[in-house]
Amino acid sequence: MTALIRFSNVTVSAFRNLSRIDFEPAPGLNVISGDNGQGKTSLLEALYFVAVTRSFRADKLESLIQQGQKFASVRARVLDGEHGREQRATLGHKERAVLLDGKKPERLATYATRTPAVVFHPGDMELVNANAAARRKLLDRIALYLDPSSGDARLSYTRALKERKVALDVRGPSARELAPFEQLMAEHGVRFARARAEAATRLLGALAPAFQRMAQPGLQLVTKYRPGGSLDVAEFVGELSSRRLRDSRQRAASYGPQRDEIQLLIDGRSARHHASQGQQRILTLALKVAELECIRDARRAHPVLLLDDVSSELDPARTGAVYDFLRETQSQVFVTTTRPELFPTPGASKLERADWQLVSGALSEL
Ligand SMILES: Nc1ncnc2c1ncn2[C@@H]1O[C@H](COP(=O)(O)OP(=O)(O)OP(=O)(O)O)[C@@H](O)[C@H]1O
Ligand SMILES: [Mg+2]
């Protein structure tokens with residue numbers, strides 16, 4: 001059984017330009033329209049914040065607090081299959097506090113992984129049009145659901161990687177402490193690379209049908225996962241020790257999962273360098289749909305889907321294909337747009353869909 005996760009009864013206070021919003025979203029599709037600068041992205045950001053205590057666009061969380069206010073806070077009732085819970089996340093200039101059913105959870109991570117949310121926002125285009133770092137982050141998000149210990153393995157690996165680099169930089173390729181750091185790198189790196197590889201297999205498996213369903217008919221997508229290291233500890237150690245001189249010259253480790261890559265080719269050419277804007281956008285959306293499906297299967301729950309400004313750059317047929325997906329998915333969806341006419345409602349019920357309008361931070365149901 002895959003549980004349905006839904007936000008209901010949401011209150012947002014002093015969050016960017018949203019002074020106070022109380023609303024009861026539809027369990028299905030929520031279309032939030034408004035002109036530029038009215039607070040659409042901020043509302044999605046508030047939902048993301050109450051789910052995972054982070055922002056998808058701000059490096060500095062402080063920017064979420066409404067100017068002149070001390071705290072931003074978001075409270076939501078979350079229905080999770082048969083169960084319901086109350087989540088509250090509050091952000092001050094120096095601290096972040098969360099409550100689950102009125103109680104402080106043992107760890108922030110316990111809170112932040114309870115309500116899975118997948119978000120698409122314009123910055124996500126870097127999944128397709130920038131270097132591999134963003135694609136690796138996507139794999140790591142999925143890996144965390146497949147194997148929660150992969151996060152610790154990644155941190156331990158990164159620590160050992162840095163220590164080896166310092167040893168190489170300071171004492172050179174014959175430094176004695178290199179061997180134990182390389183052993184640590186290999187042990188943690190293999191654990192972490194296993195979770196990455198599993199995430200990549202699942203992601204790319206789900207990506208192909210998602211792309212086919214939304215992209216222009218006839219476009220060929222070819223994907224390839226190229227691991228930067230090995231799944232075998234002895235081989236990993238051997239590679240690291242044989243590359244000391246080169247790594248010392250380049251001042252970077254040339255082997256290991258920090259060099260994992262996902263290649264995306266459309267019609268035989270690199271999507272990053274050759275695909276059109278609209279094609280890159282559809283591929284990014286397809287990656288998001290694939291992420292949603294991977295997390296759904298690992299977590300046995302339908303993540304909430306937050307889509308910011310999806311339709312710009314898409315032609316009417318592509319927008320229609322995305323919209324068809326949104327209507328059919330079992331996830332609760334929040335989609336923002338400056339052009340609500342792109343999302344027509346042929347006879348949807350109140351459960352299936354609600355239409356909202358944002359004007360200067362105030363939300364009203366249409
Ligand atoms: N901390 C803050 N305090 C008060 N207002 C803020 C804060 N941060 C951002 N704003 C303002 O909130 C408004 C809404 O921003 P938001 O990005 O949510 O708009 P939007 O509706 O998504 O617009 P667009 O269609 O252009 O993407 C902007 O005018 C912005 O300047
Ligand atoms: Mg916006």
Side-chain angles (χ1 to χ4, degrees), residues 7 10-23 25-26 29-76 88-98 117-129 134 277-278 280-282 284-285 288 304-314 316 318-319 322-323 326 332-343 354-366:
F7 280 122
V10 180
T11 305
V12 181
S13 313
F15 194 101
R16 293 203 188 262
N17 74 328
L18 313 174
S19 302
R20 171 83 188 195
I21 284 182
D22 275 295
F23 81 120
L29 174 62
N30 292 272
V31 178
I32 302 158
S33 57
D35 291 340
N36 295 136
Q38 302 304 306
K40 302 181 300 297
T41 304
S42 303
L43 184 54
L44 296 192
E45 204 177 19
L47 293 170
Y48 191 72
F49 180 69
V50 76
V52 301
T53 74
R54 286 194 302 271
S55 162
F56 51 78
R57 66 167 163 175
D59 293 333
K60 289 206 171 101
L61 285 183
E62 239 189 326
S63 61
L64 308 182
I65 305 172
Q66 188 162 78
Q67 224 165 3
Q69 298 293 322
K70 291 202 170 75
F71 299 98
S73 85
V74 189
R75 192 199 57 75
R88 180 191 288 267
T90 304
L91 181 72
H93 287 276
K94 294 213 167 61
E95 71 285 308
R96 192 166 38 158
V98 295
V118 170
V119 56
F120 167 89
H121 68 107
D124 280 319
M125 295 285 290
E126 68 176 3
L127 282 171
V128 172
N129 67 18
Q277 298 266 81
Q280 290 187 344
R281 185 168 279 253
I282 280 293
T284 306
L285 277 164
K288 288 289 156 178
V304 174
L305 181 59
L306 307 171
L307 300 172
D308 193 21
D309 203 10
V310 268
S311 57
S312 52
E313 286 163 355
L314 297 185
R318 306 285 67 74
T319 306
V322 172
Y323 184 46
L326 299 185
Q332 185 181 33
V333 181
F334 295 82
V335 56
T336 69
T337 181
T338 51
R339 298 174 60 197
E341 69 276 12
L342 294 173
F343 300 95
D355 285 80
W356 306 91
Q357 188 174 37
L358 259 169
V359 179
S360 301
L363 187 75
S364 53
E365 190 163 6
L366 289 171

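Side-chain atoms are counted along with the backbone in the values below, which use heavy atoms only and exclude waters and symmetry mates. Each ligand, and each atom within it, is numbered from 1 in the order the structure gives.
The distance cut-off of 2.8 Å around the Mg ion (ligand 2) captures these protein N, O or S atoms, sorted by chain and number: Thr41 OG1.
Remark: side-chain polar atoms of Glu126 are not paired, donor with acceptor, to backbone N or O of Asp124 under 3.5 angstrom. Looking at Lys288, its side chain does come within 3.5 Å of a backbone N or O of Val119 through a donor-acceptor pair. A donor-acceptor contact shorter than 3.5 Å links the side chain of Lys40 to the backbone of Asp35. Panel note: side chain Glu365, backbone Trp356; no donor-acceptor pair is recorded below 3.5 Å. Panel note: side chain Arg96, backbone Ala89; no donor-acceptor pair is recorded below 3.5 Å. Here the side chain of His121 pairs no donor or acceptor atom with the backbone of Arg57 at under 3.5 angstrom. Gln280 contributes no side-chain N or O that, together with a main-chain N or O of Met125, makes up a donor-acceptor pair within less than 3.5 Å. With hydrogens and angles ignored, the 3.5 Å screen pairs no side-chain donor or acceptor of Glu45 with any backbone N or O of Phe56. A donor-acceptor contact shorter than 3.5 Å is absent between the side chain of Asp309 and the backbone of Thr336. Looking at Gln66, its side chain never comes within 3.5 Å of a backbone N or O of Phe15 through a donor-acceptor pair.
Not a single protein heavy atom sits closer than 4.0 Å to atom 31 (O) of ligand 1.
At a heavy-atom cutoff of 4.0 Å, ligand 1 is contacted by the side chain of Arg57 but not by its backbone. When non-hydrogen atoms are compared, ligand 1 lies under 4.0 Å from the backbone of Ile65 (N, CA, C, O) but not from its side chain.
Considering only non-hydrogen protein atoms, atom 26 (O) of ligand 1 sits nearest to Asn36 ND2, 3.2 Å. At the shortest separation from atom 3 (N) of ligand 1 among protein heavy atoms lies Gln67 N, 3.0 Å. Counting protein heavy atoms only, atom 25 (O) of ligand 1 is closest to Lys40 NZ, 2.7 Å. When only non-hydrogen protein atoms are considered, atom 8 (N) of ligand 1 lies nearest to Arg16 NH1, 3.3 Å.
The option with the heavy atom closest to atom 13 (C) of ligand 1, from among Pro122, Gly37, Ala58, Ser42, is Gly37. Among Thr337, Thr41, Asp309, Asn17, the residue whose heavy atom sits closest to atom 22 (O) of ligand 1 is Thr41.
For ligand 1, the atoms closer than 4.0 angstrom to any heavy atom of Gln38 are 19 (O), 20 (P), 21 (O).
Here the options are Leu366, Asp355, Val333, the test is side chain to side chain contact (heavy atoms under 4.5 Å, CB included), and the partner is Val31; only Asp355 passes.
At least one heavy atom of Gly39 sits closer than 4.0 Å to an atom of ligand 1.
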